[in-house]
Amino acid sequence: MSNYKIHIDPNNVPRHIAIIMDGNGRWAKQKGEMRTFGHASGVEAVREALTGASELGVKHLTLYAFSTENWNRPKEEVDALMNLLVQTIVAEIDELNQNGVRLKAIGDIENLPDGCQEALEKGFEATKNNDRIELILALSYSSRWEIEQAVKTIAQEFHDKKISLDEINQDLISSNLSTNGIPDPELLIRTSGETRISNFLLWQLAYTELHFTPVLWPDFKAEHLYKAILDYQGRERRFGMVSEQITDN
Ligand code: FPP
């Protein structure tokens, strides 16, 4: 693989990168292994992405680790994923701390098994003063779930006369999503060749550049991240304006 890193413009690195980690099951099947082996092997790719992002100065890395829809998978696979999550967090807390990583999570965390919630709480607490990069795990997350929660909260506040109709705007909606306080991603990466958003950060991805790679998640290396960032840097982000307006500013 060529050396992509040296071509990256350090002044135009995305602040926030989101990744749909896909293809663990197919990767395992190709090797004649169980799907859960694919997930366990995916942890190494998480390390690659996190280290690579951190070294380039990315401030937020959001990983789609478990969707609301993933609850419908066979119980053994769900249990294995939850165990893997707990084990990984517990095993990695020291290293996260040494590398200035702050752990966060978005999603319906209260729906996760108790052991998983406890491991997460420990991880949040132990890393809360770190500020080099935020690792945000999307767990039991779906965007439509999150938007539904936000609508309910805002409707209740309106009903209770805490806010007026005029105060319902895009900022208020953003601040009621689980990503409150986190800037929208500039770059989304999805692995395994699928070209869907799959209910991930629908509101937040409004102007995000999308990068799809055929690489299966366990094979994802820092080089693939660099390649995605270079692809991003080659795009012209117009936000609905014309090209001249962007270059004049
Ligand atoms: C998608 O592959 C992957 C997942 C649903 C789980 C991702 C989880 C990890 C990489 C494990 C560790 C994570 C952390 C943050 C510690 P898939 O099962 O949908 O693959 P397929 O599409 O080939 O079946």
Side-chain angles (χ1 to χ4, degrees), residues 17-54 58 60-97 99 101-109 111-113 115-124 126-127 133-143 188-201 212-222 224-225:
I17 298 177
I19 306 182
I20 302 178
M21 310 182 285
D22 199 6
N24 293 349
R26 276 163 284 167
W27 183 89
K29 195 171 177 194
Q30 283 175 7
K31 297 194 152 30
E33 298 281 354
M34 307 270 288
R35 292 178 57 81
T36 48
F37 179 68
H39 298 314
S41 305
V43 174
E44 195 46 44
V46 171
R47 201 189 307 276
E48 288 273 335
L50 179 60
T51 310
S54 177
V58 173
H60 316 267
L61 179 69
T62 300
L63 303 179
Y64 207 177
F66 195 86
S67 72
T68 310
E69 291 78 19
N70 287 156
W71 289 115
N72 299 322
R73 291 192 176 189
K75 184 177 180 316
E76 306 82 66
E77 185 173 343
V78 172
D79 289 350
L81 268 169
M82 292 299 150
N83 286 336
L84 180 64
L85 194 73
V86 173
Q87 282 166 17
T88 308
I89 292 170
V90 170
E92 302 291 334
I93 283 185
D94 285 349
E95 201 170 336
L96 292 177
N97 264 331
N99 291 290
V101 182
R102 179 173 184 179
L103 185 68
K104 284 192 173 176
I106 55 171
D108 191 6
I109 304 304
N111 217 359
L112 297 171
C116 200
Q117 291 189 46
E118 284 158 22
L120 282 170
E121 282 303 331
K122 272 195 195 135
F124 300 155
T127 63
I133 185 169
E134 276 182 3
L135 173 64
I136 303 153
L137 302 180
L139 293 165
S140 191
Y141 174 88
S142 83
S143 202
L188 170 85
I189 300 169
R190 182 170 189 154
T191 58
S192 91
E194 306 293 352
T195 47
R196 290 186 292 275
I197 300 298
S198 300
N199 213 347
F200 188 46
L201 302 174
F212 299 102
T213 169
V215 172
L216 303 175
W217 180 251
D219 288 331
F220 191 87
K221 300 276 180 278
H224 299 113
L225 179 82

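All ligand and atom numbering here is 1-based and tracks the order in the structure. The chain is numbered in sequence order, starting from 1.
- Under 4.0 angstrom from ligand 1, there are no non-hydrogen atoms of L216.
- For ligand 1, the polar-atom distance check finds an N/O of R35 within less than 3.5 Å of one of the ligand's N/O atoms.
- Ligand 1 has no N or O atom lying under 3.5 Å from any N or O atom of V46, backbone or side chain.
- Under a 4.0 Å N-O distance rule, the pair E44/K221 does not qualify as a salt bridge.
- The structure places CZ of R35 at 5.0 Å from CZ of R73, a figure rounded to the nearest 0.5 Å.
- Ranking the protein heavy atoms by distance from atom 12 (C) of ligand 1 puts V43 CG2, 3.8 Å first.
- Ligand 1 does not have L63 within reach: every non-hydrogen atom of the residue lies 4.0 Å or more from it.
- Annotation: cation-pi geometry not satisfied between K29 and W27 (NZ/CZ under 6.0 angstrom from ring centroid, within 45° of ring axis).
- The shortest contact between atom 14 (C) of ligand 1 and any protein heavy atom is with L85 CD1, 4.0 Å.
- Counting heavy atoms under 4.0 Å from ligand 1, residue Y64 does not touch it at all.
- Residue contacts with ligand 1: N70 is placed with no nitrogen or oxygen under 3.5 Å of a nitrogen or oxygen of the ligand (distance criterion only).
- With N24, I19, L50 as candidates, the residue nearest to atom 9 (C) of ligand 1 on a non-hydrogen basis is N24.
- At under 3.5 Å, a nitrogen or oxygen of R73, whether backbone or side chain, sits near a nitrogen or oxygen of ligand 1.
- Contact check for L120 versus L139: side-chain heavy atoms found under the 4.5 Å cut-off.
- Between atom CD1 of residue I20 and atom CZ of residue F212 there is a gap of 7.0 Å, rounded to the nearest 0.5 Å.
- Using a 4.0 Å cutoff on heavy atoms, S192 does not count as a contact of ligand 1.
- Contact annotation for I89 and ligand 1: no heavy atom of the residue comes within less than 4.0 Å of the ligand.
- The shortest N or O to N or O distance between R26 and ligand 1 is under 3.5 Å.
- Nearest protein neighbour of atom 1 (C) of ligand 1, counting heavy atoms only, is M21 O, 3.0 Å.
- The shortest N or O to N or O distance between D22 and ligand 1 is under 3.5 Å.
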